[in-house]
Each structure stands twice: as structure tokens, then as C-alpha cells.
Amino acid sequence: MASNPYTQLHRRLLQHYGPQQWWPADGPFEVMVGAVLTQNTAWGNVEKAIANLQAAGALAPEAILSLPEEALAALIRPSGYFNIKARRLRNLCQWYQQHGALAGLQQWETTSLRQALLGVNGVGPETADDILLYAFARPVFVIDSYTRRILSRLGVIQGDEGYESLRQQLEAAFEGDSQAVSIFNELHALIVMHAKEHCRKRPYCEGCPLRSDCVYGDQ
DNA sequence: ACCCAGGGTCATA
DNA sequence: TATGACCATGGG
């Protein structure tokens, strides 16, 4: 297996934090719901919203679609942007049902599935890739602001690359690796873990695997 | 009181 | 194509 800055980052983070076993959800559909709800939102708030949906028996596409949008919005209120996200959840559920739910969608090729997801209003690149990787186990790397930040700080990237460009760069680094899905799964999760559990609380991560490379905050 | 969080869309130039 | 406004709750 090739050694490059990305495989090294994966190794360093994995050794320090251990396997993350993402996505924190019960099944593919719940992954999809979480992917929409977590848009620009702290995960803790998403958990509350999902708990509300669960308690209301609304953690299924039919249930969500049968709910008045206003009622749906009320349930997901803790996750913020609740009016917009209620509409986005509905869009996603409609799309999901129209294409034969999980069984139907699983048969699509990754590229087609990605394009179709991006066609849903409210599903952008990152949300689509969350769903592809964590709900459909496709070898797609999720680029988020943390990834951009860390790679930029490590000097691996410029920082102003477009989403597609970055994604393909990351995926190329693991080209031919039969464990790509598993590695992409872990690396994205580890990057988020690293950002959440360590660097946000301290300017310099004491004992963190990125050491002095890891500087959060401005500049 | 301020800042940010596991983004995305839409209107404008 | 490239900015800017907007969406909104909750924790540090």
C-alpha cells in the first residue's frame, strides 16, 4: 500500500483515537436523516431531534411524509434551521420512496446515485457523500470544513480547492485499496473526532497526534 | 454577549 | 463564477 500524507494522517489518528465505528445511527435511513439534520449544526442538537422523531414514531420515510411539515419542523426543532430542514427531509423521503427505497437504490452505480442525490433540493456535496459512504457503503470520501482545515494546516493542500477536486484527490490517494470504504469511513470520523474532542478546547493539542501541526482558531 | 457547529440554496453582479 | 444573505438552536 502506498504511503502518502493521507495514509499517514489516517495512521496517526487511528493509533491515537482508535476505530470510531461511524455513522452513529441505527440503519441507513437514519443515517440519511442525520446527514440532513447535521448540516452546519452540532451533533448534540441532532441527537435531540432524532430522539424526538423516534419518540413520535417518525423515524421512517412513510411516517415523515405523513406528517404536516409544521409538525415535522416542531419535532426537529433542536437541530436548528428546522423549517428548511423539514422541507429537506421531505424532499429526501420522497426521492427515497420514488426510487424503491433502500432495496431499489442499492442497485444504482455510485456515480448515478451521487448525481441523483445531488438532484434532491437540500442535499449538497457533503450530505450526498455522507449518505453514499455511511448509508450505502460506497468508496466516497466526505470533505468537510475540518478536512479542509487540517489538510491546509498540514500543508498538504492549498485550502482553496473546490469540493470535487479535493474529494478526488483523497480518493486517488487510496486508489486500488480494497479497504477503501472502511478507511474513508474511519478517516472522516477521525478527523471530526480530532476536531471535536481536542483542538477546539486548546490552542495547541497537548498529546494530540498532530502535535504542533494542529493549531485551531485563527491563523 | 459572542462564536461556532459534521451545509445548502437563492438572489444578485 | 463568485460573493452575500439567509436559515436557527444550543453549548462553550
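The shown structure was predicted, so the numbers you read here are calculated from the model rather than taken from an experiment. Numbers restart at 1 for each chain; the letters A, B, ... are given by sequence-line order, proteins then strands.
What you find for A/K85 and A/V36 is that their closest heavy atoms are CE-O, 3.6 Å.
Counting only Watson-Crick and G-U wobble pairs whose two key distances fall under 3.5 Å, DNA chain B forms stems of three or more stacked pairs at B:2-5 with C:9-12, B:7-13 with C:1-7.
Checking the phosphate oxygens (OP1, OP2) of B/dG8, a side-chain nitrogen or oxygen of A/T127 falls inside 4.0 Å. Phosphate contact (OP1/OP2 of B/dA5, side-chain N/O of A/R149, threshold under 4.0 Å): present. Contact annotation: A/N40 side-chain N/O to C/dT9 OP1/OP2 distance is not under 4.0 Å.
Taking OG1 of A/T7 as the reference point, atom CG of A/D177 lies at 9.5 Å (rounded to 0.5 Å). Considering NE2 of A/H194 and CZ of A/R12, their distance stands at 9.0 Å, rounded to 0.5 Å. Expressed to the nearest 0.5 Å, how far CG of A/L190 lies from NE2 of A/H10 amounts to 6.0 Å.
Across C/dG10 and B/dG8, the matching P atoms stand 22 Å from one another, rounded to whole Å. Using C1' as the reference atom, C/dT3 and B/dA5 are 22 Å apart when rounded to the nearest Å. Here the separation of B/dG6 from C/dC6, taken at their P atoms, is 24 Å to the nearest Å.
In this view, A/Q94 satisfies the side chain to side chain donor-acceptor pair (under 3.5 Å) rule with no residue, not counting sequence neighbours. Shown here are the side chain to side chain contact (heavy atoms under 4.5 Å, CB included) partners of A/A172, two or more places apart in sequence or in another chain: there are none.
The local environment of CD in A/Q15 is sparse, with at most 12 non-hydrogen atoms from other residues, nucleotides or ligands closer than 6.0 Å. In the displayed structure, A/N4 atom CG is contacted under 6.0 Å by more than 12 heavy atoms of other residues, nucleotides or ligands.
Comparing A/V123 and A/H188 against DNA chain B, the residue whose closest nucleotide sits nearer the 5' end is A/H188.
Applying a 4.0 Å cut-off to non-hydrogen atoms, the residues of residues 76-90 of chain A that approach DNA chain C are A/R77, A/P78, A/G80, A/Y81, A/F82, A/N83, A/I84, listed by residue number. Residues from residues 129-142 of chain A with heavy atoms under 4.0 angstrom of DNA chain B: there are none.
With hydrogens and angles ignored, a donor-acceptor pair under 3.5 angstrom links the side chain of A/K196 to the base of B/dG6.
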Check residues 116-142 of chain A and write down every donor-acceptor pair under 3.5 Å in which the side-chain atom is one partner and the other belongs to a residue at least two apart or another chain.
residue: A/T127; atom: OG1; partner: A/Q39; partner atom: NE2; Å: 2.9
residue: A/D129; atom: OD1; partner: A/R114; partner atom: NE; Å: 2.7
residue: A/D129; atom: OD1; partner: A/R114; partner atom: NH2; Å: 3.3
residue: A/D129; atom: OD2; partner: A/R114; partner atom: NH2; Å: 3.0
residue: A/D129; atom: OD2; partner: A/Y163; partner atom: OH; Å: 2.6
residue: A/Y134; atom: OH; partner: A/N185; partner atom: O; Å: 2.7
residue: A/R138; atom: NE; partner: A/F136; partner atom: O; Å: 3.3
residue: A/R138; atom: NH1; partner: A/W108; partner atom: O; Å: 3.0
residue: A/R138; atom: NH1; partner: A/T110; partner atom: OG1; Å: 3.0
residue: A/R138; atom: NH2; partner: A/Q106; partner atom: O; Å: 3.0
residue: A/R138; atom: NH2; partner: A/W108; partner atom: O; Å: 3.1

